[in-house]
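Remarks on the structure that follows.
Note that the structure is predicted; figures quoted are calculated from it, not measured.
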Amino acid sequence: SIRVSSSRFSTRLDLDQSLETVNVSRRLGRAFVRSVRVRSMDQPRPKPIQEIEFQTTVPLPQAQRNRELPSYFQVPGGRIRISVSILLERGKPNTRGLGQLYYPLGATRSNTGTSLSVCAPFDMNSGRSDIIDPQNSEWNAWLLDQAVDYTMRLLIDDWARRFGASAYLCCARKEGQ
């Protein structure tokens with residue numbers, strides 16, 4: 001549990017989080033269902049948020065082996081961790097939502113254009129509100145390519161069976177994105 005208070009705004013926010021391991025093929029990495037309950041002073045009834053997150057590791061390109069990365073993303077053997085997640089609603093994918101890019105906090109001005117979210121060690125703008133455009137960052141372009149490759153493996157080898165048609169809807173581009 002985490003409690004965040006602001007005397008300036010006379011408010012308080014309580015967060016409770018739990019993590020449950022989900023069975024997934026070893027070659028696809030690992031998966032978790034994260035459940036978060038958010039309660040605020042003006043909303044005493046907890047608001048539940050649930051997502052399923054799939055994590056994998058990918059080898060760093062030789063040219064990037066000296067890149068400084070947060071320990072959260074580092075994996076022994078010159079590899080990094082990336083993840084793809086889907087918001088759940090009553091245990092099923094929320095295909096109406098819009099996914100975000102994370103490092104590991106959400107980049108408030110970055111969305112994926114689909115229902116999927118991606119967490120990776122992106123190059124961020126100075127305000128940390130957006131990733132640097134992949135057209136201007138080979139690193140971000142490479143990370144997004146890795147996330148797309150991983151998503152395709154998940155879609156074929158797990159999600160189609162686990163979520164049915166909703167798996168494909170999660171990957172569909174949202175209107176206006």
Side-chain angles (χ1 to χ4, degrees), residues 15-38 46-60 69-70 72-73 75 79-125 128-135 137-177:
L15 299 142
D16 292 312
Q17 176 176 287
S18 65
L19 203 62
E20 176 186 332
T21 302
V22 175
N23 288 333
V24 66
S25 168
R26 184 179 209 111
R27 65 185 165 75
L28 291 175
R30 56 189 189 171
F32 310 93
V33 170
R34 177 178 293 109
S35 299
V36 179
R37 292 180 107 31
V38 181
K47 177 184 174 193
I49 301 168
Q50 193 176 53
E51 71 173 349
I52 186 167
E53 178 179 314
F54 297 83
Q55 293 182 354
T56 193
T57 63
V58 293
L60 277 167
L69 298 167
Y72 173 81
F73 294 105
V75 179
R79 300 178 73 81
I80 60 165
R81 178 177 294 111
I82 63 169
S83 64
V84 177
S85 61
I86 305 168
L87 278 176
L88 299 175
E89 193 173 295
R90 295 185 195 101
K92 303 213 181 300
N94 177 345
T95 59
R96 296 178 317 278
L98 192 57
Q100 282 192 285
L101 299 172
Y102 289 87
Y103 177 89
L105 299 175
T108 56
R109 294 180 47 212
S110 287
N111 67 65
T112 62
T114 70
S115 296
L116 306 174
S117 292
V118 175
C119 184
F122 294 109
D123 285 336
M124 305 291 288
N125 67 7
R128 304 201 49 80
S129 61
D130 202 353
I131 70 166
I132 294 175
D133 190 314
Q135 293 179 6
S137 169
E138 287 181 30
W139 175 248
N140 285 351
W142 179 80
L143 286 170
L144 289 171
D145 284 346
Q146 299 306 303
V148 168
D149 289 348
Y150 185 44
T151 299
M152 294 308 295
R153 288 191 353 247
L154 288 166
L155 184 61
I156 293 165
D157 296 338
D158 186 280
W159 292 355
R161 184 182 67 261
R162 185 184 301 268
F163 301 127
S166 294
Y168 298 96
L169 293 173
C170 287
C171 298
R173 189 132 181 97
K174 303 295 179 202
E175 286 292 317
Q177 297 304 315

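- Between the NZ atom in K92 and the CZ atom in R162 there is a gap of 12.0 Å [rounded to 0.5 Å].
- In this structure, the side chains of R81 and V58 stay at 4.5 Å or more apart for every pair of heavy atoms.
- Between L144 and P134, the shortest heavy-atom distance links the atoms CD1-CG, 3.4 Å.
- For the 3.5 Å distance criterion, the side chains of E51 and S85 qualify, holding a donor opposite an acceptor.
- To the nearest 0.5 Å, atoms OG (S35) and CD (E20) are separated by 7.5 Å.
- Between R96 and E89 there is a salt bridge, with a side-chain nitrogen of the basic residue lying less than 4.0 Å from a carboxylate oxygen of the acidic one.
- Using a 4.5 Å heavy-atom cutoff, the side chains of I80 and V75 are not in contact.
- Residues passing the side chain to side chain contact (heavy atoms under 4.5 Å, CB included) test with L169 are T95, sequence neighbours excluded.
- Distance check, rounded to the nearest 0.5 Å: CG of L154 to OG1 of T56 gives 8.0 Å.
- The minimum heavy-atom distance between V84 and Y150, with the atom names listed, is CG2-CD2, 3.8 Å.
- A pairwise comparison of heavy atoms in S137 and D123 identifies OG-OD2, 3.2 Å as the closest pair.
- Atom CG of D145 is separated from atom CD of E138 by 11.5 Å, given to the nearest 0.5 angstrom.
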### Evaluation steps, side-chain contact (heavy atoms from CB on, under 4.5 Å), between V36 and D16
CA-CA 6 Å; V36 179; D16 292 312; over 6 Å; no
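- The minimum heavy-atom distance linking V24 with R30 is given by the pair CG1-CA, 3.7 Å.
- To the nearest 0.5 angstrom, N94 atom CG is 10.0 Å from I86 atom CD1.
- A 4.5 Å side-chain heavy-atom check between V33 and Q50 finds at least one atom pair inside the cut-off.
- Taking the ring-ring contact (aromatic ring centres under 6.0 Å, His included) definition, one finds that F54 meets it with W159, sequence neighbours left out.
- Put simply, the side chain of L101 reaches to within 4.5 Å of the side chain of F122, judged on heavy atoms.
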### Message
Between L155 and Y168, does the side-chain contact (heavy atoms from CB on, under 4.5 Å) criterion hold? Intermediate values first, please.
### Response
CA-CA 8 Å; L155 184 61; Y168 298 96; 3.9 Å; yes
### Message
Working note: L87 + I49, criterion side-chain contact (heavy atoms from CB on, under 4.5 Å); need CA distance, chi angles, decisive distance, verdict.
### Response
CA-CA 8 Å; L87 278 176; I49 301 168; 3.9 Å; yes
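- For the residue pair K174 and S115, a side-chain donor N or O sits within less than 3.5 Å of a side-chain acceptor on the partner.
- Closest non-hydrogen pair, Y72 versus C119, comes out as CE2-SG, 4.4 Å.
- Closest approach of L143 and P121 over heavy atoms only: CD1-O, 3.5 Å.
- Taking the charged nitrogens against the carboxylate oxygens, D158 and R153 have no contact shorter than 4.0 Å, which rules out a salt bridge.
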